[in-house]
Amino acid sequence: IQKGMPNLLVMDSKGSAGAYTGRCNLYDPVDATMTDISSDLGTPADIFTGSPSDFFSFANWQGVGYMVNNVNQIYQWAGRGNAVVVFNVQVNTTDAKTNHLDTCRYIFIKDDRMILLDTVEFGDWHPQRCRYSPVLQTDFSASGASYVDAPTPQRIMTAGMVGKDIAVF
């Protein structure tokens, strides 16, 4: 619902046996039902791992919802009738892999750019990294995309929007 998303997504944290299920459900306020939209609409499957303490960060941008949990790849949801699927991030054009970003702790939209904080890229953890996309694009390998690492040995612990700014601690 962040910034006008017209749908409510509900993330499962525990299944009936108490195990972490990692599902995403679309809530229908008309009949108060939830539809599992995880992975494949025909055969939903667990898409997130981790534990109930691996909190989700969401961003709604250009009609697509993006979600991260600092354990799995970034996922995206393009609205009703679509399943939640992996959002592949390439950070350069020299590596042929379809995804270079293993995990991300926080995701924000600021000044028409997608901002990713505390990333694992190519298997290497970058706990002080802020990676950003080009304006109005999600291609992190395109001109205008880059990153900056905070000059501190401390890792990013939390982040949030304060007015129109992103506060990072």
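The figures here come from the full heavy-atom set of this structure, side chains too, leaving out hydrogens, waters and symmetry mates.
Distance OG1/Thr103 to CG/Asn72: 8.5 Å, rounded to 0.5 Å. Rounding to the nearest 0.5 Å gives a distance of 9.0 Å between CG of Leu101 and NE2 of His126. From Arg131, atom CZ reaches atom SG of Cys104 across 10.5 Å, with rounding to the nearest 0.5 Å. Distance check, rounded to the nearest 0.5 Å: OG of Ser38 to CH2 of Trp77 gives 11.5 Å. Here the CG-CG distance, from Asp118 to Asn70, works out to 5.5 Å after rounding to the nearest 0.5 Å. Separation of atoms OH (Tyr147) and CD1 (Ile115) is listed at 15.5 Å; rounding is to 0.5 Å.
Residues Phe108 and Leu116 have side chains not in contact (no heavy-atom distance under 4.5 Å, counting atoms from C-beta outward). Taking 4.5 Å as the limit, every side-chain heavy atom of His100 sits out of range of all side-chain heavy atoms of Val89. Residues Arg105 and Val68 form no side-chain contact, since every pair of their non-hydrogen atoms from C-beta on lies 4.5 Å or further apart.
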Run Leu9 and Ile37 through side-chain contact (heavy atoms from CB on, under 4.5 Å) and show every step you take. CA-CA 9 Å; Leu9 298 181; Ile37 58 170; 3.7 Å; yes
Would you please test Met67 and Ile74 for side-chain contact (heavy atoms from CB on, under 4.5 Å) and show each step? CA-CA 6 Å; Met67 54 203 81; Ile74 298 173; over 6 Å; no
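Residues passing the side-chain contact (heavy atoms from CB on, under 4.5 Å) test with Ala32 are Tyr27, sequence neighbours excluded. Annotation: side chain to side chain donor-acceptor pair (under 3.5 Å) contacts of Arg113 (sequence neighbours excluded): none. Applying the ring pair (Phe, Tyr, Trp, His ring centres under 6.0 Å) test to Tyr106 and every residue at least two apart in sequence or in another chain returns nothing. For Gln62, the side-chain contact (heavy atoms from CB on, under 4.5 Å) criterion is met by Leu136, not counting sequence neighbours. In this structure Gln73 satisfies the side chain to side chain donor-acceptor pair (under 3.5 Å) test together with Asn88, Asn99, sequence neighbours excluded. With sequence neighbours excluded, the residues forming a side-chain contact (heavy atoms from CB on, under 4.5 Å) with Thr33 are Asp28, Asp31, listed by chain and number. Remark: Gln76 pairs with Val64, Tyr66, Val85, Phe87 by the side-chain contact (heavy atoms from CB on, under 4.5 Å) rule, at least two apart or across chains. Residues satisfying the side chain to side chain donor-acceptor pair (under 3.5 Å) criterion with Asn92, sequence neighbours excluded, are Thr94.
Side chain of Ser133 to main chain of Met114: a donor-acceptor pair is present (N/O by atom type, distance under 3.5 Å, no hydrogens or angles).
The salt bridge (charged side-chain N to carboxylate O under 4.0 Å, His left out) pairs that include a residue from residues 158-169 are Lys110-Asp165, where partners are two or more places apart or lie in different chains. Listed by first then second residue, pairs satisfying salt bridge (charged side-chain N to carboxylate O under 4.0 Å, His left out) with a partner in residues 145-156 read Arg129-Asp149, not counting sequence neighbours. Every pair tested for salt bridge (charged side-chain N to carboxylate O under 4.0 Å, His left out) that includes a residue from residues 82-103 fails, sequence neighbours excluded, so the list is empty.
Summarising the geometry of Leu117 relative to Ala159, their closest heavy-atom pair is CD1-CB, 3.7 Å, with the distance given to 0.1 Å. Minimum interatomic distance between Asp112 and Trp61 (heavy atoms only, all atoms of both residues): O-CZ2, 3.3 Å. In this structure, Phe140 and Ala145 approach most closely via the heavy-atom pair O-CB, 3.3 Å.
Under a 4.5 Å side-chain heavy-atom cut-off, the cluster of Ile, Leu, Val, Met, Phe, Trp and Tyr residues that includes Val120 is completed by Trp125.
Side chains of Thr119 and Glu121: a donor-acceptor N/O pair is present below 3.5 angstrom, by distance only.
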